[in-house]
Protein chains: 2
Amino acid sequence: MSVNAAIASESLTRSVEDYLKAIYQLSPEGRPASTSEIAHLLALSPPSVTGMVKRLSEHGLLEHVPYRGVQLTDEGRRAALRMVRRHRLIEAYLVEFLGYSWDTVHEEAERLEHAVSDTMVERMATALGNPVVDPHGDPIPTVDGSIHEPACTALSDVPVGETVEIHRVHESQPERLRYIASLGLRPGVRVRVLDRQPFDDLVTIEVGGDQHVIGRELGHVLQCAREGDQ
Amino acid sequence: MSVNAAIASESLTRSVEDYLKAIYQLSPEGRPASTSEIAHLLALSPPSVTGMVKRLSEHGLLEHVPYRGVQLTDEGRRAALRMVRRHRLIEAYLVEFLGYSWDTVHEEAERLEHAVSDTMVERMATALGNPVVDPHGDPIPTVDGSIHEPACTALSDVPVGETVEIHRVHESQPERLRYIASLGLRPGVRVRVLDRQPFDDLVTIEVGGDQHVIGRELGHVLQCAREGDQ
DNA sequence: CGGATAATTTAGGATAGCCTAATTATCTCG
DNA sequence: CGAGATAATTAGGCTATCCTAAATTATCCG
C-alpha cells in the first residue's frame, strides 16, 4: 500500500498523526529530531518513541538512523503538513465562529484535528475566506502541502532602538497566552525595543504606551518581523 | 471513582461511548438490548460485545444478565444521552453552518461526537439557537439528560385516507436519505395515505402532488405525527 | 585514550479492543 | 420432553500503544 493511499484512506492512527506533526514542528526545515525531543513534546517515554519510530520508518513515513534521530520522508512531511493545516484552520474557525480566544483553541483543535474530514476542513477554510495565518500568527499550509514560513526574528534578538511588528506567538499554554495578551502583545502589534541588559537577554519594550521587561523565554516566543526580514 | 466523575473527566473511550449510545438507541425506553443487536449495530462480533459488556457492567454503566441482555444504568443512560445530544447538535450545526446536507452529516458527526468538548457542544447549540430537533427530526436531549420523544406512528401504520406530517426520518445511510429526499419526503412535510395493499403493507401516498408506493421498510423509517398523537 | 554521563535502544510486560473457533445456554416444536 | 436451531459466552490469540528496567551507544573531557 502506498503511503499516499494510506493518507488518503485515513489509515493513519491518532498516534501516528501526532508523531508526524510533532516531528515536523520540532524542525519545519527538516533537521533530524531526536528521540528525547519527540518524547518530551508528546509527553511519552523515550522507549515508546523508539518503538513507534521504527514502525513509521517501516511504513516509509520517516527515516531513522539509530542513535542519531529521525527525519520525515516526503510522504511523512506531507501527512504532517496536512495535520498542521487542520490544526491551524480549526483554531482560526473556533476563534472566528465559536467565540474561542487564542488561549483556549489549542486544546480543542488538538482533539478535532484527528476527527474532522478533509471536506469539513476545506469548508471551514472557505467559511473563513481561506486565511493565511492562524490566531497565533502561524502560517497555514495549503492543501497541496506548501507553506511559507516568513523570516522572523526573536524579540530577544531585535537591536535596541528598533521598532518591529509581532508576527507569531509560539506558545500554546493557555495561562501563558493570557499573560501575553494582558501585556497587549499579539500578532500585528508594533513593539519598540528600548533597552537590553547585558545579562540574561532582558529587553525592555514599549507597546501601546506601556513598558515591559521581557526575558529570554518569552523573547523567543515572540517572533517579530524586522524591516530587513522577508 | 464515581461514574459522574468518569463522565466529567472524559475518561470514556470512543468504544465505550459508541456502545452506550448504541444500547440507548436500540431502546430509548430501556428494554434490554441483546448481544447480537448491539453487535449488528456496531458492526462487531458478538464475542467482542460480550467482552465489552462485562467491562461496562463492572464500571456500573449497565446491567448485564447473561444470556438475557443488557440495560443501561442511570449513569450509563446519562452518558448515552450526552452522546446523542452531541451527535444531533453536530448534525444540526454542520447543516446550518457548513453546507452539509442531511445525507452526509451522519458520518461526520459520528467522528466529531467523540472529539468535541462540552464547551464546544454548547457553543454550537447557542449558535443554532438551541434547536429542539436535528435535521432528521430526531429530538435533541437537553444538557441535563432529558429528552422528549414525541409519540410517532410509522407511515406504514397510518390509516388510509389520513393526512399526516412527517416528524422523523430514521435512516442514516446517505444513499437512502438521498432517495427519500428525492421523493420530497423530509421532516415537516405533509403526506396523505391514499391506499394500502392487503400484502406487504405497501401504502400509496401523495406528497406535493406526486404519488409514491412505500414498502414496509421505508414505511417504518418515516415516523409521522397523526392528529391523535402527542 | 578511556571512563563518566547522557541519550538511545532492547527486553519484557501491561491494557484495550478486536477476532475466530469451540462450548454452553435457551428456546421451540413435534 | 428432548433434539435441533439459535444466541451467547468462554477460550485463546492478535495488534497497537504504552510503560519500566536493563543494556548499549555516543560523546565529552581530563
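A note on names: the letters A, B, ... follow the listed sequences, proteins ahead of strands, and every chain is numbered from 1.
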Query - Closest-nucleotide 5' rank along DNA chain D - winner of A:Tyr67 and A:Val16 - result: A:Val16
Query raised in the report: How are the rings of B:Tyr93 and A:Tyr93 set to each other: parallel, tilted or perpendicular (split at 30° and 60°)?
Result: perpendicular
Query raised in the report: Can any side-chain N or O of B:Glu122 pair as donor or acceptor with the backbone N or O of B:Thr119 at less than 3.5 Å?
Result: no
**Report entry** Rounded distance in Å - NE2 (B:His114) to P (C:dA16)
**Finding:** 18 Å
**Report entry** Start and end of chain A contact along DNA chain D [non-hydrogen atoms, under 4.0 Å]
**Finding:** D:dA16 to D:dT27
Query raised in the report: So, A:His87 versus A:His106: side-chain donor-acceptor pair below 3.5 Å or not?
Result: yes
Query raised in the report: Taking only residues two or more places apart in sequence, or in another chain, which ones meet A:Ala22 in a side-chain contact (heavy atoms from CB on, under 4.5 Å)?
Result: A:Leu41, A:Leu42
**Report entry** Salt bridge present between B:Arg14 and B:Glu110 (N-O < 4.0 angstrom)
**Finding:** no
Query raised in the report: Just by distance, do the side chain of A:Arg196 and the backbone of A:Asp201 share a donor-acceptor pair under 3.5 Å?
Result: no
Query raised in the report: For B:Asp118, which of B:Arg82, B:Arg123, B:Arg85 qualifies under salt bridge (Lys or Arg N to Asp or Glu O under 4.0 Å)?
Result: B:Arg82
Report task. Mark yes when over 12 heavy atoms from residues, nucleotides or ligands other than A:Glu107 sit less than 6.0 Å from its CD; otherwise mark no. Result -> no
Query - Nucleic acid contacts of residues 23-45 of chain A, taken as heavy-atom distances under 4.0 Å to DNA chain D - result: A:Leu44, A:Ser45
Query raised in the report: Residues in side-chain contact (heavy atoms from CB on, under 4.5 Å) with B:Glu63, at least two apart?
Result: B:Thr73
Report task. Kindly state which residues belonging to residues 46-56 of chain A come within less than 4.0 angstrom of DNA chain C, counting heavy atoms of the residue only, listed by number. Result -> A:Pro46, A:Pro47, A:Thr50, A:Lys54
Requested in this report: Please state whether the phosphate of C:dT9, meaning OP1 or OP2, lies under 4.0 angstrom from any side-chain nitrogen or oxygen of A:His64.
Outcome: yes
Report summary line: Residues at least two apart in sequence or cross-chain that pass side-chain contact (heavy atoms from CB on, under 4.5 Å) with A:Pro47, listed by chain then number, are A:Ser45
